[in-house]
Each structure stands twice: as C-alpha cells, then as structure tokens.
Amino acid sequence: MALLQLTDIQKSYGRGPKAVPAVRGVDLVIDRGETVGLVGESGCGKTSLGRVVVGLQSATDGEILFDGEAIDRGQLSQPGYRRRVQMVFQHPDQSLNPRLRVKQMLAEPLRLLTDVPSEEITDRIERTLTLVGLGPGYMERRSRQLSGGQQQRVAIARALICEPDLVVLDEPTSSLDQSVRARILALLRDIQQERQVAYLFISHDLSTVRKIADRVAVMYLGRVVELADTETIFESPQHPYTRALLSAVPRMDPHRKRERIMIPGETPNPSALPSGCSFQDRCPLVHDRCTREAVYPLAVAAGHLVECFAVEDRVAGAP
C-alpha cells in the first residue's frame with residue numbers, strides 16, 4: 001500500500017472565470033521510504049502541490065489517500081495528519097521564528113501535535129538535534145546566531161521532531177552554497193535510511209534532484225508531463241520539455257556532451273491556456289492532435305509515464 005496517493009489534484013487561486021489554475025489534475029504516488037523529486041520551472045505548480053499535500057492549502061478538487069485512508073479537507077489541519085506529514089521550507093531564515101530559541105522551536109510541535117510527556121521533551125529535542133548533526137549545545141541559540149546551513153538543519157529537526165512518515169522539502173538547499181548543500185543532502189539520505197521517512201523533494205535544480213531522488217516527476221503548467229525512475233529521466237527522457245530542461249544541466253564527463261535545446265516563446269498564461277496540449281506553442285514535435293485533443297499520460301515502459309502525442313505515436317509505430 002502506498003504511503004501517499006494523489007488522484008486528479010487540482011488547485012486554483014481565485015474564483016469564477018478569473019481563477020488561475022496552479023495544479024491541473026495531478027496523479028502521484030509516494031511509497032514509504034521513497035524520495036520523489038518534483039521538478040520544473042518557477043511557476044509550474046510545484047510549491048502549490050507541496051502545500052496541498054501538507055495541508056497548508058486546500059485542493060480545489062481531487063482526492064488524497066494517506067496510508068490507504070481518504071483525507072478530507074478538515075483532516076488536513078488536524079494534529080494526527082500534521083504530525084505524520086511535515087514540511088521544510090526554502091528559506092530557513094524566514095521560516096524560523098527569530099524570537100525563539102532552538103529549544104522552543106522544537107518543543108512547540110511536540111506540544112501541539114503529540115502526546116509526548118513534558119518531562120521527555122528535552123530529551124527528544126537533544127536526540128533530534130544530534131540526529132541532524134548539531135547536538136544539545138545549540139538548544140539555547142536563536143536563528144540569527146546560526147549559519148545558513150545550521151538554520152536549515154534546525155528546520156529539518158523541527159520537521160522530524162514528531163517522527164513523521166512524509167516530509168515535503170521545498171527547495172531546501174537552494175539558498176546554500178555547494179559544500180553545505182552536499183552535507184544537507186547526505187544528512188537527508190542518512191535520516192531516511194534510519195527512519196524510513198518518505199520525501200517529496202521540490203526543486204528546480206536537476207543536479208541536486210539526481211543525487212537524492214528515486215523517481216522524478218516533471219511538471220509543466222500544473223501538469224506532470226513525465227514520470228519515471230531517476231536514471232530513466234536523466235538518461236532516456238521522452239517528453240520534449242524534459243529533454244530541454246536536461247539539456248541545460250552540465251555534464252561532469254567532458255566526452256558526453258549534450259546539445260543545448262532552447263524552448264522558444266513564452267510560457268502561456270495559466271488562466272487562458274490553449275485547448276489540447278499546453279506545451280503546443282513551444283514544442284518542436286507539435287502536430288494537429290496537440291491543438292485539438294486533451295493529452296493524458298501514456299505508459300511507455302514499466303513505471304515510465306509521458307504526456308505527449310508525439311511520444312504516443314512513436315510508441316504505437318514501434319516494432
């Protein structure tokens with residue numbers, strides 16, 4: 001049984017004809033102990049989907065199953081769900097309360113979301129700080145007394161203190177330099193191996209996603225246009241948008257050069273999308289069906305879904 005299953009999740013901002021769709025019918029499954037990377041350009045709906053999963057925002061439509069149980073809008077804000085699903089935000093200096101000491105920041109979710117006895121809270125905090133590589137010596141510090149990497153470790157500790165099953169990580173390393181970023185990724189992998197926690201790792205940095213994700217979902221204008229295991233996405237991408245994104249990622253091997261694929265034009269207005277495929281105006285493979293028919297995910301191999309008529313035609317014509 002999957003830990004999290006999203007079915008036809010939709011999220012719009014505003015109402016009526018002026019509503020702007022941010023997430024448009026996303027299906028996604030995350031298993032226990034798995035990391036799913038969610039990638040795409042800014043504004044594609046990644047963060048909106050993550051906030052819907054955590055319960056910070058309500059989906060306009062669709063179904064969320066968590067551990068086999070349907071989660072309605074009211075349950076998303078209840079302590080039982082919020083204890084099991086946590087989030088790490090992009091900018092720790094903004095998500096951490098500057099007035100509180102680290103000990104207070106970590107004690108708050110324990111008191112609000114768990115029944116941990118008050119006499120055991122300090123011990124839980126010390127163990128969690130040790131888990132993220134800080135230790136009890138940081139309990140009395142405030143966020144302004146911490147480096148960017150230390151702040152993100154505290155943010156991760158705050159998300160883990162209630163021992164959740166799933167953590168949504170929204171660009172957790174984008175504000176850090178390369179050396180600190182590598183240490184945070186290693187930390188997340190170690191914690192996952194120890195606790196079997198699942199991650200939804202949201203990022204525009206494909207190189208970072210490749211290092212941590214088991215599978216990758218590529219989003220464009222609120223839709224998941226390609227989904228596969230990480231190696232398949234990076235070595236055999238099928239959707240033209242995925243190929244264009246990956247062409248911009250530097251390769252470490254100088255003998256394996258990749259031609260840069262430029263995406264022409266501008267991203268369409270989400271509130272006035274064309275009929276058919278939303279990538280049609282920028283796609284080098286566009287043909288008549290793309291402008292007339294709604295496109296749906298196609299399984300091109302086991303576990304590999306692609307939302308593209310050109311790929312569908314190629315698969316259908318394959319011997």
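Along the sequence shown, residues carry numbers from 1.
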Quick check against the 3.5 Å criterion: does Q151 have a side-chain atom that pairs as donor or acceptor with the backbone of G148?
no
Donor-acceptor pair, distance only, cut-off 3.5 Å: does the side chain of Q104 make one with the backbone of M139?
no
E120 and R127 ion-paired at < 4.0 Å
no
Hey, could you give me the CZ/CG distance between R153 and L131, rounded to the nearest 0.5 Å?
10.5 Å
Contact between F279 and V225 at the side-chain level, heavy atoms closer than 4.5 Å - yes or no?
no
Go through it in stages, so that I can follow the logic: the residues are L4 and V29, the test is side-chain contact (heavy atoms from CB on, under 4.5 Å), and I'd like the CA-CA distance, side-chain angles, deciding distance and then a yes or no.
CA-CA 6 Å; L4 177 73; V29 171; over 6 Å; no
Could you pull out the closest heavy-atom pair between R83 and Q86, with the gap in Å?
O-CG, 4.2 Å
Please round to the nearest 0.5 Å and tell me the distance separating atom CD1 of I30 and atom CZ of F66.
9.5 Å
Is there a path of hydrophobic side-chain contacts, each under 4.5 Å between heavy atoms of I, L, V, M, F, W or Y residues, that connects V54 with F201?
no
Between T47 and D170, is there a side-chain donor-acceptor contact under 3.5 Å, judged purely by atom types and distance?
yes
Minimum side-chain heavy-atom gap D67-M1 below 4.5 Å:
yes
Does the side chain of K211 reach to within under 4.5 Å of the side chain of R189, using non-hydrogen atoms?
yes
Sidechain-backbone polar pair: K46 side chain, V218 backbone, donor-acceptor under 3.5 Å
no
Under 3.5 Å, is there a donor-acceptor pair linking the side chains of E226 and H304?
yes
Would you say the side-chain atoms of S179 and D177 include a donor-acceptor pair closer than 3.5 Å?
yes
Between CD of E231 and CG of D214, what distance do you get to the nearest 0.5 Å?
12.0 Å
Rounded to the nearest 0.5 Å, the CG atom of L206 sits from the CD1 atom of I233 at a distance of 9.5 Å
Tell me whether L285 shares a hydrophobic cluster with V311, the cluster being built from Ile, Leu, Val, Met, Phe, Trp, Tyr side chains joined at under 4.5 Å.
no
Are F89 and L185 in one and the same hydrophobic cluster, where Ile, Leu, Val, Met, Phe, Trp and Tyr link if side-chain heavy atoms are under 4.5 Å apart?
no
Between Q10 and T60, is there a side-chain donor-acceptor contact under 3.5 Å, judged purely by atom types and distance?
no
Could you tell me whether the side chain of S236 and the main chain of T232 form a donor-acceptor pair under 3.5 Å?
no
Between E307 and Y296, is there a side-chain donor-acceptor contact under 3.5 Å, judged purely by atom types and distance?
no
Pairwise distance CG(N97) to CE(M105) - rounded to 0.5 angstrom:
6.5 Å
Would you please indicate if the ring centroids of H239 and Y220 are separated by under 6.0 Å?
no
Would you say the side chains of Q192 and T35 form a donor-acceptor pair under 3.5 Å?
yes
Whether the side chain of S271 engages the backbone of K18 through a donor-acceptor N/O pair (distance < 3.5 Å, no angle test) should be reported.
no
To the nearest 0.5 Å, tell me how far D61 CG sits from R24 CZ.
14.5 Å
Scan the side chains in residues 157-169 for donor-acceptor partners under 3.5 Å anywhere in the protein, sequence neighbours excluded, and list what turns up.
| unit_1 | atom_1 | unit_2 | atom_2 | d |
| --- | --- | --- | --- | --- |
| R158 | NH1 | S95 | O | 3.0 |
| R158 | NH2 | S95 | O | 3.3 |
| D165 | OD2 | R84 | NE | 2.5 |
| D165 | OD2 | R84 | NH2 | 3.0 |

Is there a side-chain contact between R101 and R141 in this structure, where contact means two heavy atoms from C-beta onward sitting under 4.5 Å apart?
no
With distance as the sole criterion, is a donor-acceptor pair present between the side chains of E69 and Y81 under 3.5 Å?
no
Does the pair R215 and L227 meet the rule for a side-chain contact (heavy atoms from CB on, under 4.5 Å), with working shown?
CA-CA 7 Å; R215 291 187 297 133; L227 172 68; 3.9 Å; yes
